[in-house]
Amino acid sequence: MILKGFDDLKLFLKKPRNIVIIGHRNPDGDAMGATLGLQYYMSKKGHKATVVVPNEYPEFLHWLPGSENTYRFDWQNSQSKKAINASEIIFLLDFNALHRVGHDMQKTLEKYPNDFAMIDHHQQPDDVKYMYSDVEICSTCQMVYQFIEMNNDLDLIDADIATCLYTGIMTDTGSFRFRSTTSTTHRIIADLIDKGAENNKIHNNVYDSNSYGRLLLLGQALSNLQILPAYKTAFITLTEAEKKKFDFQKGDTEGVVNYALSLKGIIFAAIFIEDTEQSMIKISFRSKGNFSVNEFSRKHFNGGGHDNAAGGRFDGSLEESTTFFKELLPSYTTELNNSYEA
Ligand code: 5GP
Ligand code: MN
């Protein structure tokens, strides 16, 4: 755990400040829950807080309280830049390095004259002035709760903040089942329910809001599944044409990789998704046990993340990406066969 400049940050925030809060590119439930939750908290403390995210987030997160006031840097560029230029400090939530916001926004942030404060649970964080980093914690939303707790402000958590933070903890823990979920997580979740998070409603909003197309896309993904028992590995592919056929919308492939990991005996799973717009193959990796997909993705696929959940990219065709992946596996045979005991 790294806690840096916290007392100075507290002093800085004694006066009402103009704050911008940023999440990573392709924001997920944790990024949106954390940025919106922190925004409500900062507003309650008398600050002016604006959430700016690099690009659009999935439809199943649009119901989040405060969502209507966020700026997307790519298509609300002038409002986003205006907010950034007017701010006295920027909070970076749920990401560890400036490049995670995407090229254009990164360039803007690199010119930012004031200080950054990071709250994040990814490995190898960039060094910024104020930092709360803990790779042991399941979600940035749990860290925002603990940040509020460090400020002795748990009483300020209302139904909106509770709803936002609950959502991110829920999505980043796979509904409280990944091994990062601790008794502390459950205690925090209990407190968030007491403070007004409607758990049943939140689960429904996020997980039971599928379009028919999304289910058909899942069906396609599952029929593309390949299993490599010798490496306890399974992977899924999706081509651009398959995405089009089932009316792909942002967020539709979220969680699909977990189906590969749900197979008995599989401890390493991947999904390779063709993205012709960005001319790359976007990859998600998941694992069980000690096999670090963060290291694997860093080393071979220009990515990173956590030990058991990471992302990466491949420049080339879908076919080339999976061929490359399959060629890598033999050198991990021992590791893959010994990293997890069911
Ligand atoms: P996902 O597979 O859901 O996109 O991402 C899994 C985890 O890895 C998330 O915590 C995400 O922030 C991180 N991640 C995804 N893509 C990248 C990447 O390209 N680089 C790094 N450093 N982390 C990533
Ligand atoms: Mn997260």
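For ligands, and for the atoms within them, numbers begin at 1 and follow the listed sequence.
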Requested in this report: Keeping to residues at least two apart or across chains, list the side-chain hydrogen bond (donor to acceptor under 3.5 Å, both in side chains) pairs with something in residues 255-273.
Outcome: none
Query raised in the report: Are any non-hydrogen side-chain atoms of His203 and Asp208 less than 4.5 angstrom apart?
Result: no
Report task. Kindly indicate whether the side chain of Lys250, heavy atoms from C-beta on, has any atom under 4.5 Å from the side chain of Asn26. Result -> yes
Requested in this report: Verify, without hydrogens or angle tests, whether Arg286 (side chain) and Phe268 (backbone) share a donor-acceptor contact under 3.5 angstrom.
Outcome: no
Query raised in the report: Under 3.5 Å, is there a donor-acceptor pair between the side chain of Asp275 and the main chain of Glu277?
Result: yes
Report summary line: For Ile22, the hydrophobic cluster (side chain heavy atoms closer than 4.5 Å, chained through members) also holds Ile2, Val20, Val52, Tyr71, Phe73, Ile84, Ile90, Leu92, Phe95, Leu98, Val101, Met105, Leu109, Tyr112, Phe116, Met118, Val128, Met131
Query raised in the report: Any Lys/Arg nitrogen of Asp191 or Lys195 sitting under 4.0 Å from an Asp/Glu carboxylate oxygen of the other?
Result: yes
Query raised in the report: Going by an N to O cut-off under 4.0 Å, is there a salt bridge joining Lys129 and Asp8?
Result: no
Query - Atoms named by residue and atom, protein N, O or S, within reach of the Mn ion (ligand 2) (under 2.8 Å) - result: Asp30 OD2, Asp94 OD1, His121 NE2, Asp172 OD2
Query raised in the report: Can you name the residues that come within less than 4.0 Å of ligand 1, going by heavy atoms only?
Result: Arg100, His122, Lys282, Ser284, Arg286, Gly303, Gly304, Gly305, His306, Ala309, Ala310, Gly311
Requested in this report: Report the C-alpha separation of Asp127 and Lys4 in whole Å, then their side-chain angles, then the decisive distance to 0.1 Å, and conclude whether the salt bridge (Lys or Arg N to Asp or Glu O under 4.0 Å) test is met.
Outcome: CA-CA 10 Å; Asp127 192 28; Lys4 196 176 103 177; 2.6 Å; yes
